[in-house]
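Reviewing the structure listed below.
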Amino acid sequence: MTLSIRIAQLNFVVGDLPGNAQKIIDAATQAYADGAQLLLTPELALSGYAAEDLYLRPAFQAACDRELERIAQATLSWPGLALVVGHPTVVDYPEERRRYNTASVLRSGVVERSYHKQCLPNYGVFDEQRHFVPGDRSCVIDLAGVRVGLLICEDAWQPAPAMAAKAAGAQLLAVLNASPFHHHKQQERERVLGQRAAETGLPLVYAHLVGGQDELIFDGGSVAVSGQGSVVVRGPSFRESLVALRATVVQGGVELEGDICPEQTPDAALWDALVLGVRDYLGKNRFPSAVLGLSGGIDSALVLAIAVDALGKDKVRTVMMPSPYTADISWIDARDMAERLGVRYDEIAIAPQFEAFKAALASDFAGLAEDTTEENLQARIRGTLLMALSNKHGSVVLTTGNKSEMATGYCTLYGDMAGGFAVIKDVLKTRVFDLARWRNANDPYGTGANPIPERIITRPPSAELRPDQKDQDSLPSYEVLDAIIVRYMENDEPMASLVADGYPAADVDRVTRLIRINEYKRRQAPVGIRVSPRSFGKDWRYPITNAFRA
């Protein structure tokens, strides 16, 4: 006996319930035409993931219910196909109303069975205990002689639900998922899924979401693992696909087979994540184009390359805004890069505005030396100009600050932080250089080889807000800075451990202090793409007013 399975690895839009329902119907129509008997959608596919407090609105739930019924009616056109849809549901019990994260089996015009997610994550970026209550029962369905046990995402990261499904008679585990990307996450998933399969002795099919949703990226890469824990099927990463596989009943269990897409390198995966994040943020929010300040430095160069890969050259505009401290090589390199990628390039000198601000403040500043005040004025003039262009033309401003800067406050409120989307907000400076070199050696979207002038990569980074300024005048070397950020901010390691491992105590004290005192800036930063295990977003929740000092 063989069960033909398809995984609808699709890109859904949160709140577009009719559109999401139609995507599911279209995928089911194709799966049926291909002879499939089971189609799996991702977790909460109907509503989009994550709809956050929309789940709490009765009107939203009612709309989900209507669209689920529409999909159920459509199954009358696909005899012999079981469709498993992820969706929110509300069940009224005598004592209370309960909201569940649900996977329902739709067949022959009805919702035949439903499974409620048992393990609700409430860590990192997840708030599922705010929106749902856990289920407590397994769900096993018989399809073409194969008993399939349903699970949802976190259920497969914990041992109990999978073992309970096996005890209920499952021969194969089918898992609906919306698992946010961070670097090396695919390898982590496959390791955990292999562990679950090996523990139970059951093969496992993992149906994953793809797409960008605000700061989160879902990377696809749906997989199937054998009962021994090895990967036997892998779908493509970062793109939609109807992934095909077969489950065959053999003596001693079920065997899975299908195609295995190769694993991506870490840099290729990170690049695809950033490109997808930009494309979906602008596309799903209907921004017509993007504009960014192109300084001749490494950060804005990287953001420009990502934006062109995501949107195409015709939807990206660059503006060079030289100040009295801008080196000639900066505008030369900025102009060179814009020409390489074929984007619109404009220059707006800010010296007149800078002098006007200083003149207006002259009496207040009399007798005081120039300091970061004048540096910030330049950044804020640039931010004002970019936002004016955004307002006039409808383009979203892409900010260019990296994670190292966000951690330490090496950024200006209402200046270089002004904008609508922070593309590399979660990319450390050392990774910025790595990605720039990778992109110069690769052209994954066919927008142009070697887009970043070599001098942009090799020259010492500078904000160019005062004479002969270098980033390392104010910060430790980026190798030291980024290592401290990773260990202290991402991994919660104590300061003493860093000092014990040889990092200078003064650097550790200084960097951790900067992280603590700049929370007020980060709270006012635009949303940005999450690509690390812990970003300055939903998974970083620290008070602004904070007297604790470790």
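Predicted model only: the values in this text are computed from it and were never measured.
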Q) So W78 and I25, side chain to side chain contact (heavy atoms under 4.5 Å, CB included) or not? Walk me through it. A) CA-CA 10 Å; W78 315 311; I25 290 171; 3.9 Å; yes
Salt bridge between [X] and [Y], side-chain N to carboxylate O under 4.0 Å?
{"X": "E69", "Y": "R66", "result": "no"}
{"X": "R286", "Y": "D16", "result": "no"}
{"X": "D267", "Y": "R431", "result": "yes"}
{"X": "K429", "Y": "D299", "result": "yes"}

So which atom in [X] and which in [Y] form the shortest heavy-atom distance, rounded to 0.1 Å?
{"X": "V396", "Y": "G420", "answer": "CG2-CA, 3.7 Å"}
{"X": "A31", "Y": "L242", "answer": "N-CD2, 4.0 Å"}
{"X": "F12", "Y": "P42", "answer": "CE1-CD, 3.8 Å"}
{"X": "G109", "Y": "Q73", "answer": "O-NE2, 3.4 Å"}
{"X": "V233", "Y": "A244", "answer": "CG1-O, 4.3 Å"}

Under the 3.5 angstrom rule, does the side chain of [X] hit a backbone N or O of [Y] as a donor-acceptor pair?
{"X": "E43", "Y": "A178", "value": "yes"}
{"X": "N122", "Y": "Q129", "value": "yes"}
{"X": "T458", "Y": "E454", "value": "yes"}
{"X": "T102", "Y": "P88", "value": "no"}
{"X": "N440", "Y": "I452", "value": "yes"}
{"X": "Q158", "Y": "C119", "value": "no"}
{"X": "T399", "Y": "G401", "value": "no"}
{"X": "Q118", "Y": "P161", "value": "no"}
{"X": "R6", "Y": "A36", "value": "no"}
{"X": "T408", "Y": "S404", "value": "yes"}

Q: Only one of R130, K538, R57 passes salt bridge (Lys or Arg N to Asp or Glu O under 4.0 Å) with E52; say which it is.
A: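 That would be K538; it is the only one of R130, K538, R57 passing the salt bridge (Lys or Arg N to Asp or Glu O under 4.0 Å) with E52.
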Within a radius of less than 6.0 Å around [atom1] of [X], do more than 12 heavy atoms belonging to other residues, nucleotides or ligands occur?
{"X": "E240", "atom1": "CD", "answer": "yes"}
{"X": "K313", "atom1": "NZ", "answer": "no"}
{"X": "D259", "atom1": "CG", "answer": "no"}

To the nearest 0.5 Å, what is the distance between [atom1] ([X]) and [atom2] ([Y])?
{"X": "L270", "Y": "S532", "atom1": "CG", "atom2": "OG", "result": "10.0 Å"}
{"X": "T512", "Y": "M495", "atom1": "OG1", "atom2": "CE", "result": "3.5 Å"}
{"X": "N20", "Y": "E67", "atom1": "CG", "atom2": "CD", "result": "9.0 Å"}
{"X": "S179", "Y": "I217", "atom1": "OG", "atom2": "CD1", "result": "13.0 Å"}
{"X": "Y542", "Y": "M489", "atom1": "OH", "atom2": "CE", "result": "8.5 Å"}
{"X": "S230", "Y": "L193", "atom1": "OG", "atom2": "CG", "result": "12.0 Å"}

Kindly indicate whether the side chain of [X], heavy atoms from C-beta on, has any atom under 4.5 Å from the side chain of [Y].
{"X": "K403", "Y": "I424", "value": "no"}
{"X": "I515", "Y": "W540", "value": "yes"}
{"X": "R239", "Y": "V210", "value": "no"}
{"X": "I529", "Y": "D426", "value": "no"}
{"X": "N491", "Y": "V486", "value": "yes"}
{"X": "E255", "Y": "V232", "value": "no"}
{"X": "P444", "Y": "W438", "value": "yes"}
{"X": "V254", "Y": "L3", "value": "no"}

Check whether the side chains of [X] and [Y] place a donor and an acceptor atom closer than 3.5 Å, and report yes or no.
{"X": "N402", "Y": "Y478", "value": "no"}
{"X": "E154", "Y": "Y123", "value": "yes"}
{"X": "D26", "Y": "Q30", "value": "no"}

Q: Give me the one residue out of V84, L209, L176 that meets side chain to side chain contact (heavy atoms under 4.5 Å, CB included) with T41.
A: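 Going through the options one by one, the only one that passes is L176.
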Q. Which residue, E490, E188, R534, forms the side chain to side chain contact (heavy atoms under 4.5 Å, CB included) with H182?
A.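 It is E188; the other options fail the test.
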Q) What residue among D434, N450, T447 forms side-chain hydrogen bond (donor to acceptor under 3.5 Å, both in side chains) with R439? A)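 In the set D434, N450, T447, the residue that makes a side-chain hydrogen bond (donor to acceptor under 3.5 Å, both in side chains) with R439 is T447.
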**Q.** ring pair (Phe, Tyr, Trp, His ring centres under 6.0 Å) partners of residues 238-257, not counting sequence neighbours, each pair once
**A.**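 Every ring pair (Phe, Tyr, Trp, His ring centres under 6.0 Å) pair that includes a residue of residues 238-257, provided the two are not neighbours, is F181-F238.
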Q: Determine which pairs satisfy ring pair (Phe, Tyr, Trp, His ring centres under 6.0 Å) with at least one residue from residues 187-221, sequence neighbours left out, and list them in order.
A: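 Sorted pair list: Y49-F218, Y206-H208.
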Residues forming a side-chain hydrogen bond (donor to acceptor under 3.5 Å, both in side chains) with [X], sequence neighbours excluded:
{"X": "R98", "result": "E95, E96"}
{"X": "Y488", "result": "none"}
{"X": "D501", "result": "R487"}

Q: I would like to know whether V511 and L481 meet side chain to side chain contact (heavy atoms under 4.5 Å, CB included); could you show each step before the answer?
A: CA-CA 7 Å; V511 172; L481 173 64; 3.6 Å; yes
(Q) Under the criterion side chain to side chain contact (heavy atoms under 4.5 Å, CB included), I'd like the reasoning laid out for L274 against L435: C-alpha separation, chi angles, the key distance, then a yes or no. (A) CA-CA 11 Å; L274 294 167; L435 282 176; 3.8 Å; yes
Q. Can L68 and V85 be said to form a side chain to side chain contact (heavy atoms under 4.5 Å, CB included), step by step?
A. CA-CA 8 Å; L68 186 69; V85 176; 4.1 Å; yes
Q) Do any pairs count as a salt bridge (Lys or Arg N to Asp or Glu O under 4.0 Å) and have a residue in residues 208-234, sequence neighbours left out, and if so which ones? A)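 Those involving residues 208-234 are R189-D219, E190-R234.
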**Q.** Audit row: W271, D309, side-chain hydrogen bond (donor to acceptor under 3.5 Å, both in side chains) steps and yes/no
**A.** CA-CA 10 Å; W271 190 267; D309 277 4; 2.9 Å; yes
